[in-house]
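A short worksheet on the structure shown next.
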Amino acid sequence: KGEFLTVFGPSGSGKSTMLHLMGGLDRPDEGTILIDGLDILSLSEGKLAELRLASIGFVFQFFNLLPRLTALRNIELPLSLAGVPEREALSRAHDMLKLVGLEEREAHRPAELSGGEQQRVAIARALITNPKIILADEPTGNLDTKTGHEIVELMKSLNEEKMQTFIVVTHDPRIAEEADRIIYFKDGLIEGIKRSKAVRRAG
């Protein structure tokens with residue numbers, strides 16, 4: 001709980017596949033996937049969807065925002081799907097926009113936002129249901145270096161503030177080193193695991 005973990009490796013090494021398995025988006029041929037001691041492979045599709053909605057937030061490389069909805073409505077959407085009353089959902093979505101520094105952009109649609117702003121909206125949407133786990137698949141892969149670094153810093157600050165687990169897939173070694181722990185992937189296998197230099201320096 002509360003760990004900031006990166007999964008590092010070259011393209012095609014299996015990182016995203018593993019993330020999709022962990023999030024219940026794909027099912028493995030064999031084995032178990034445990035979240036809080038519950039094997040998610042034993043769940044029906046309906047129960048798995050409920051688990052994802054309540055306990056897992058997703059952040060993707062290409063943002064996956066709905067183009068016709070404003071930033072506020074994109075963030076509010078998971079609460080709407082969960083049956084939260086509209087007034088409460090919009091209030092919580094506004095709070096999340098403020099948390100990621102975009103309260104003045106709430107009426108803008110994705111096409112009116114920069115890449116970094118769209119990713120901030122996507123992160124806010126992932127956090128809106130207060131999930132235990134955030135799965136981020138190359139969240140900086142579609143951003144320039146400066147903006148990518150800002151997004152990582154934002155995720156780290158949210159991780160520390162909310163004590164939610166972040167699992168971030170990346171092929172950027174600079175991002176990988178920002179984590180508490182790094183899992184190295186190669187050819188579909190875990191090649192190694194280590195604590196980051198930052199953590200070792202902290203003792």
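Below, all heavy atoms of this structure are taken into account, side chains as well, without hydrogens, waters or symmetry copies.
A donor-acceptor distance shorter than 3.5 angstrom exists from the side chain of Ser13 to the backbone of Pro10, with no hydrogens or angles considered.
Partner of Leu143 under the side-chain contact (heavy atoms from CB on, under 4.5 Å) criterion, out of Glu138, His149, Gln118, Gln119: Gln119 alone.
Within 6.0 Å of the NE2 atom in His108, the count of heavy atoms belonging to other residues, nucleotides or ligands exceeds 12. Heavy atoms of other residues, nucleotides or ligands lying less than 6.0 angstrom from NE2 of His171 number 12 at most.
Side-chain contact, Thr32 with Asp39: no donor N or O sits under 3.5 Å from an acceptor N or O.
The distance from atom CD of Glu161 to atom CG of Leu99, rounded to the nearest 0.5 Å, is 5.5 Å. Note that CE of Met18 is 10.0 Å distant from NZ of Lys15, once rounded to the nearest 0.5 Å. Atom CE in Met96 sits 6.5 Å away from atom CG in Leu158 (nearest 0.5 Å). Annotation: the span from Arg68 atom CZ to Arg109 atom CZ amounts to 9.5 Å, rounded to 0.5 Å.
Cluster membership check: Val100 shares its hydrophobic cluster with Phe63, using side-chain heavy-atom separations under 4.5 Å among Ile, Leu, Val, Met, Phe, Trp and Tyr. Cluster membership check: Leu25 shares its hydrophobic cluster with Leu38, using side-chain heavy-atom separations under 4.5 Å among Ile, Leu, Val, Met, Phe, Trp and Tyr. At a threshold of 4.5 Å between side-chain heavy atoms, the hydrophobic network of Ile, Leu, Val, Met, Phe, Trp and Tyr places Ile175 and Val7 in two separate groups. Leu21 is not connected to Val59 by any chain of hydrophobic side-chain contacts under 4.5 Å among Ile, Leu, Val, Met, Phe, Trp and Tyr, and they are in different clusters. Under the 4.5 Å side-chain contact rule for hydrophobic residues, Leu79 and Leu90 share a cluster.
In terms of the side-chain contact (heavy atoms from CB on, under 4.5 Å) criterion, residue partners of Tyr184 (sequence neighbours excluded) are, by chain and number, Phe8, Glu177, Ile182, Glu191, Lys194. Here Phe4 pairs with Phe166 under the ring pair (Phe, Tyr, Trp, His ring centres under 6.0 Å) rule; sequence neighbours left out.
A salt bridge links Lys146 to Glu150: at least one charged side-chain nitrogen sits closer than 4.0 Å to a carboxylate oxygen. For the pair Arg73 and Glu76, the salt-bridge criterion is met [side-chain N within less than 4.0 Å of a carboxylate O]. In summary, Arg92 and Glu88 engage in a salt bridge, as defined by a charged side-chain N under 4.0 Å from a carboxylate O.
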Yes or no on side-chain contact (heavy atoms from CB on, under 4.5 Å) for Leu65 and Leu69, after CA distance, side-chain angles and deciding distance?
CA-CA 8 Å; Leu65 302 176; Leu69 298 185; over 6 Å; no
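Applying the salt bridge (Lys or Arg N to Asp or Glu O under 4.0 Å) definition to pairs two or more places apart or across chains, those involving residues 20-35 are Arg27-Glu45.
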